[in-house]
Amino acid sequence: MASPDNLTKSLMIQTATHAYPILFGEGTLGAVDALLAPYAKGHQIVIITDDTVAGRYLAPVQTACERLDKIVHVVCVAAGEASKSFTIFQRVCEEVLAFQPDRKTLLVALGGGVVGDLTGFVASVLLRGLPFVQIPTTLLSQVDSSVGGKTAINCAAGKNLIGSFYPPKAVVMDIATLDSLPQRELLAGYGEVLKYGLLGDAAFFERLLREGEAMLAGDRALRCDIIRYCCAMKAAIVEEDEKEQGKRALLNLGHTFGHAIEKLAGYGGGVLHGEAVALGCLMAMTLSAPDVTEEEVDGLRAHYRAVGLPCRMSDLQADVVWDAGALTHACYGDKKASDGGLTFVILRAIGDATVQKGVDAARVQQIFEQYQ
Ligand code: NAD
Ligand code: GLY
């Protein structure tokens, strides 16, 4: 069996009900058998991936799984947000059931946040719960979606409205997979990286303003360090509040604005989740005035321009009429909305987020107009 010696770092995440490791390394995919062995207790493994990731990374993962003397199956979905749908969820469930899994059958999510969220949701319902492992291959999934146990699909009413809290048995990342990630996808993930600094760590935010461009340019040591830092921040929040009864909501900074943008674009309609969140973070800073100053918003805007993140909705690659009224209306469908009012994560200062209920809809609409 291949040795996991090339694993450089790991973190444990310990919630009230579950503990699982997050393993970081370079070139780990080929040695993933050693890492998966403790969780592959049945005679079958099902790898769920998308058609882009499959072309690049399925072979080493599949070969490694076969070294465990298991029957290894593959289920492949189309790349992109549109696969987080009821139709694809049903198809994946039926394909996995056709392999006659038992409760020890391990599901392996190989891909970005779409594959991770979909596989996690499938794992949470099949036979009332199958073990699953996340192998995230995008920056966004490495810093955010693979950690914390949120699973979901989208529906007409909104994004991620159907899902469960269902933690993986382990998260195994290979930083080298980021080398093949298109720049636009890398940037979308970087939007979520900046979010961590904004919501909880001003020094980390300042560091990103200094080192973010080098990280995006491909500095692997920096990537590994920053990804691990984000995972540690997320782990600390999830350990305190796994089911989002309080503090975890802060991780949704920028998401109420962002989800409204994604909803109007149509899921898979040209706007990437991370792009929508990045723009949503700028909007949330504007909503945070006067605690956040216009100079501070301008500072982040200048960084977005320098790296290539969108600063307004017209920068997004979507053919959509950005109707501010419809966008505001979409915010009412957010999971944080309560008692019919609007709830947003805002900043008391950079690095200090809070949840604000009862936000004035007219102000939200004004911000959507301002960012057209
Ligand atoms: P994604 O899964 O669609 O991946 C982006 C694209 O990159 C896809 O086309 C994919 O095929 C391709 N790709 C993946 N890895 C690659 C690689 N190494 N090289 C080349 N191409 C590669 O998108 P994403 O940004 O990873 O995830 C977005 C999703 O994550 C959204 O649905 C969002 O709601 C969800 N999300 C979930 C959580 C959570 O806590 N569960 C948190 C944040 C986001
Ligand atoms: N990405 C938000 C969360 O995991 O809670």
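Below, each value reflects all heavy atoms present in this structure, side chains not excepted, and no hydrogens, waters or symmetry copies. Each ligand, and each atom within it, is numbered from 1 in the order the structure gives. Everything numeric here is computed off the predicted structure, so don't read it as measured data.
Where the criterion is an N or O separation shorter than 3.5 Å, residue side chain and backbone included, Leu140 fails it with respect to ligand 1. The N/O atoms of Thr177, backbone and side chain alike, include one that comes under 3.5 Å of an N/O atom in ligand 1. Checked against a 3.5 angstrom limit, the closest N/O atoms of Arg248 and ligand 2 fall inside it. The N/O atoms of Val53, backbone and side chain alike, include none that comes under 3.5 Å of an N/O atom in ligand 1. Residue contacts with ligand 1: Glu192 is placed with no nitrogen or oxygen under 3.5 Å of a nitrogen or oxygen of the ligand (distance criterion only). Where the criterion is an N or O separation shorter than 3.5 Å, residue side chain and backbone included, Ser141 fails it with respect to ligand 1. Close N/O approach between Arg248 and ligand 1 is not found [any backbone or side-chain N/O within under 3.5 Å].
Numbered from 1 in the order shown, with element, the atoms of ligand 1 that lie under 4.0 Å from a heavy atom of Asp50 read 10 (C), 11 (O). Near Lys234, with a cut-off below 4.0 Å to any heavy atom, the atoms of ligand 2 are 1 (N), 3 (C), 4 (O). Ligand-side atoms of ligand 2 in range of Asp144: 1 (N), 4 (O), range being under 4.0 angstrom from any heavy atom.
At a heavy-atom cutoff of 4.0 Å, ligand 2 is contacted by no atom of Val238, backbone or side chain.
Residues passing the side-chain hydrogen bond (donor to acceptor under 3.5 Å, both in side chains) test with Tyr57, sequence neighbours excluded: Ser180.
A centroid separation of less than 6.0 Å is found between the aromatic rings of Phe121 and Phe89. Two rings, from Phe368 and Phe257, have their centers less than 6.0 Å apart.
Contact annotation: the side chain of Lys150 never approaches that of Asp117 to less than 4.5 Å [non-hydrogen atoms, C-beta and beyond].
The protein atom (non-hydrogen) at minimum distance from atom 3 (C) of ligand 2 is Lys150 NZ, 3.3 Å.
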